[in-house]
Amino acid sequence: MNKKITDSGIEIKEIYTTNDSQNITSETAGQFPFTRGIQPDMYRGKLWTMRQYAGFSTAEESNKRYHYLLSQGVSGLSVAFDLPTQIGYDSDHELAEGEVGKVGVAIDSIEDMERLFAGIKLEDVSTSMTINASGFILLAFYVALAKKQGADLKKISGTIQNDILKEYAARGTYIYPPKASMRIITDIFEWCSKDLPKWNTISISGYHIREAGSTAVQEIAFTLSNGKAYVKAALAKGLDINVFGKRLSFFFNAHNNLFEEVAKFRAARRMWASIMKELGATDEKAMMLRFHTQTGGSTLTAQQPLNNVSRVTIQTLAAVLGGTQSLHTNGFDEALSLPTEDAARIALRTQQVVAFESGVVDTVDPLAGSYFVETLTNEVEQKAWELINKIDAMGGSVAAIEAGFMQDEIARSAYEYQRNIESGEKIIVGVNKFTVDKEAPIPGFKIDDSIGKLQSEKLKELKSRRDNTKATSCLESIANAAKDGTNLMPLVIEAVEAKSTLGEIADVLRNEFGEYK
């Protein structure tokens with residue numbers, strides 16, 4: 001018998017009929033539980049935000065790419081930061097050596113943030129920043145720059161990823177222990193709800209969980225479970241779920257199994273609506289799962305890289321058919337290097353072709369009512385609930401991460417996936433089947449190693465002309481707030497305005513909170 005099973009272990013039948021989907025309810029987009037989408041008219045009313053994730057080298061170099069992308073029709077910017085920035089080290093720190101500007105842009109100070117957005121009015125763009133442990137500092141840089149531009153903070157829109165739990169489970173760019181990290185996150189929720197109301201305060205991320213090797217089912221189960229933990233932490237701080245709930249967003253991966261991915265997105269919306277209702281939300285907008293999608297980085301192959309254009313197209317369709325609010329498409333060359341300008345343009349054009357030529361945006365949830373898709377949506381949901389119930393029984397996400405449960409589950413799935421590729425049971429075109437003897441080289445994108453020295457010189461010059469007494473005083477205020485529980489955000493904004501650096505602020509809190517080992 002020729003059995004077909006998804007990576008999540010769901011068996012796919014040869015044919016689906018009305019008997020498989022008799023329990024389908026008649027649901028409408030824009031209404032609880034939002035299976036069919038969060039807007040009644042979905043893309044007929046407004047297309048998803050087309051983003052291109054970019055950031056490399058210096059702020060000046062990244063700024064050139066942003067202006068290019070905006071000229072090509074990007075409707076939102078998405079910033080990648082280098083590893084030292086992600087883990088709270090200035091570019092002149094010994095641990096930053098060799099990593100400055102490599103996987104993203106180096107941002108050490110408010111002046112780097114000014115260079116990054118030179119010529120771009122922050123009121124006019126929506127900016128997503130992939131930053132977690134040091135997310136509060138990068139948000140402070142962004143807010144300080146908006147104030148300097150004379151912007152109305154009530155109009156500033158965008159997202160910081162700010163999802164530390166998945167860092168412990170899957171990615172590793174954490175700084176502080178879980179309890180301290182959760183305190184910082186709820187400080188951000190509280191401050192933004194009053195002072196930055198259009199800002200999405202967290203992008204609860206399944207993307208990196210999937211990149212680490214999870215299945216589609218594990219991706220939404222672990223992500224929604226982490227979401228519950230953030231909501232409970234905010235409720236424990238006395239915040240209003242109907243206020244902060246509207247500013248929560250999610251970040252998912254799109255892989256190659258088109259129908260399983262569509263079912264995953266539909267199931268996730270339905271599940272989150274149920275979770276938020278159970279936690280006390282009464283405003284439907286606080287129950288809506290709004291999400292950004294990025295096509296699957298781990299699905300890209302270094303072999304025959306032009307095949308990745310086809311993969312990204314399938315993944316784009318999965319995200320759009322699944323109802324995403326925002327989308328980044330990967331460049332075909334990203335298994336080899338950061339994307340070249342040409343690769344980034346093709347990736348953006350892929351979204352534009354789907355939006356303006358494919359017809360899939362003309363009606364809401366076009367796959368709804370398919371016996372197969374509706375049944376698969378139910379099966380994905382059922383398997384995800386089973387995992388969430390296990391995590392709840394352990395005491396929630398923080399306890400499950402501390403016990404290594406999520407990490408072990410992801411590792412097991414990653415091992416199984418690789419074993420199936422090596423055995424030939426799972427075919428990856430151009431890798432374990434349909435290979436070629438010789439491939440034409442693809443020109444890669446290279447980062448100059450002198451960036452670290454350049455950034456270090458900027459830091460030295462900045463510290464020589466700032467008011468060091470004022471900067472030190474601001475850092476002391478942050479240390480005191482860490483002890484007494486005062487909201488950190490206003491003090492961090494003051495510190496960055498006084499030209500305190502990212503590393504200095506992160507170090508003050510390292511001294512107070514310790515580091516997670």
Side-chain angles (χ1 to χ4, degrees), residues 23-49 126 154 157-159 162-163 186 188-190 192-194 196-206 220-221 223-252 262-293 319-326 361 363-369 374 377-378 380-381 384-385 388:
N23 63 343
I24 292 171
T25 54
S26 177
E27 292 180 359
T28 305
Q31 291 180 14
F32 183 90
F34 312 107
T35 312
R36 301 195 63 188
I38 61 168
Q39 302 297 341
D41 55 356
M42 283 305 287
Y43 303 132
R44 285 175 72 119
K46 183 187 176 189
L47 287 174
W48 63 93
T49 303
S126 163
K154 300 281 190 284
S157 67
T159 306
N162 198 29
D163 173 7
T186 55
I188 294 167
F189 286 3
E190 182 178 50
C192 287
S193 68
K194 296 169 191 155
L196 209 66
K198 287 182 76 177
W199 193 265
N200 297 323
T201 50
I202 194 166
S203 178
I204 305 157
S205 176
I220 61 167
T223 306
L224 298 186
S225 186
N226 288 348
K228 276 177 82 171
Y230 293 124
V231 171
K232 286 181 174 179
L235 289 171
K237 193 161 182 166
L239 303 184
D240 184 346
I241 193 170
N242 288 318
V243 176
F244 75 78
K246 293 174 190 174
R247 301 320 313 166
L248 304 178
S249 66
F250 288 79
F251 174 25
F252 290 122
V262 172
K264 176 190 80 178
F265 296 131
R266 297 174 89 248
R269 264 195 300 274
R270 191 155 73 199
M271 293 171 74
W272 185 245
S274 165
I275 287 167
M276 288 297 275
K277 192 171 187 178
E278 192 179 302
L279 289 171
T282 53
D283 187 325
E284 285 207 340
K285 285 189 175 173
M287 302 178 204
M288 290 178 181
L289 184 145
R290 297 167 301 118
F291 67 99
H292 169 72
T293 310
V320 172
L321 290 167
T324 194
Q325 276 62 67
S326 167
V361 302
T363 189
V364 172
D365 195 15
L367 294 182
E374 295 291 2
T377 300
N378 292 340
V380 167
E381 180 181 6
W385 279 127
I388 288 175

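In this text the structure is predicted, and so the values were computed from the model without any measurement. The figures here come from the full heavy-atom set of this structure, side chains too, leaving out hydrogens, waters and symmetry mates.
- By the salt bridge (Lys or Arg N to Asp or Glu O under 4.0 Å) test, Glu284 is found to be paired with no residue, residues two or more places apart in sequence or in another chain being considered.
- Side-chain atoms of Asn200 and Thr159 form a donor-acceptor pair, as typed in the model, at a separation below 3.5 Å.
- By the ring pair (Phe, Tyr, Trp, His ring centres under 6.0 Å) test, Phe291 is found to be paired with Phe252, Phe265, residues two or more places apart in sequence or in another chain being considered.
- Rounding to the nearest 0.5 angstrom, the gap separating the CD1 atom in Ile202 from the OG atom in Ser249 is 8.0 Å.
- Summarising the geometry of Ala221 relative to Ala384, their closest heavy-atom pair is CB-O, 3.6 Å, with the distance given to 0.1 Å.
- Under a 3.5 Å cut-off, the side chain of Glu374 and the backbone N or O of Gly369 do form a donor-acceptor pair.
- Not less than 6.0 angstrom separates the ring centroid of Phe34 from the ring centroid of Trp272.
- The closest donor-acceptor contact from the side chain of Asn242 to the backbone of Ala281 lies at 3.5 Å or more, if one exists at all.
- Relative to the ring axis of Phe32, Lys277 places its NZ or CZ within 45° and under 6.0 Å from the centre.
- For the pair Leu239/Val243, no side-chain contact is recorded, criterion being any heavy-atom separation below 4.5 Å from C-beta on.
- Here the closest non-hydrogen pair linking Arg36 and Arg269 is C-NH2, 4.0 Å.
- When all heavy atoms of Asp163 and Ser203 are compared, the closest pair comes out as CB-O, 3.6 Å.
- Counting all heavy atoms, side chain and backbone alike, Ser193 lies closest to Glu190 at OG-O, 2.8 Å.
- Closest approach of Pro366 to Leu321, counting heavy atoms only: CG-CD2, 3.4 Å.
- Taking every heavy atom of both residues into account, Asn162 and Thr201 meet most closely at ND2-O, 2.9 Å.
- Ring pair Phe251/His292 is tilted by interplanar angle, where 30° to 60° counts as tilted.
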Report task. Test salt bridge (charged side-chain N to carboxylate O under 4.0 Å, His left out) on Asp365 and Arg266 and set out the steps. Result -> CA-CA 9 Å; Asp365 195 15; Arg266 297 174 89 248; 2.9 Å; yes

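- The structure places CZ of Phe244 at 12.0 Å from NZ of Lys237, a figure rounded to the nearest 0.5 Å.
- Two residues are said to be in side-chain contact when any heavy atoms from C-beta on lie closer than 4.5 Å; Thr28 and Gln31 meet this criterion.
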Query raised in the report: Thr324 and Thr293: side chain to side chain donor-acceptor pair (under 3.5 Å), yes or no, with the steps?
Result: CA-CA 6 Å; Thr324 194; Thr293 310; 2.7 Å; yes

Query raised in the report: What's the verdict on side-chain contact (heavy atoms from CB on, under 4.5 Å) for Val320 and Tyr43, showing C-alpha distance, side-chain angles and the deciding distance?
Result: CA-CA 9 Å; Val320 172; Tyr43 303 132; 3.6 Å; yes

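- Note that the CG atom of Leu196 and the NZ atom of Lys154 stand 8.5 Å from one another [nearest 0.5 Å].
- Atom CG of Asn226 and atom CD1 of Ile388 lie 10.0 Å apart (nearest 0.5 Å).
- Evaluation of the side-chain contact (heavy atoms from CB on, under 4.5 Å) rule for Arg270 yields Glu27, Pro33, Thr35, Thr377, Asn378, Glu381 as partners, not counting sequence neighbours.
- Partner Met276 forms a side-chain contact (heavy atoms from CB on, under 4.5 Å) with one of Thr282, Leu248, Asp283, Leu289 and no other, that one being Leu248.
- A heavy-atom distance below 4.5 Å is not found between the side chains of Met287 and Glu278.
- Listed for the Arg247 side chain is a donor-acceptor partner under 3.5 Å among the backbone atoms of Lys198.
- At a threshold of 4.5 Å between non-hydrogen side-chain atoms, the residues Gln39 and Val364 do not count as touching.
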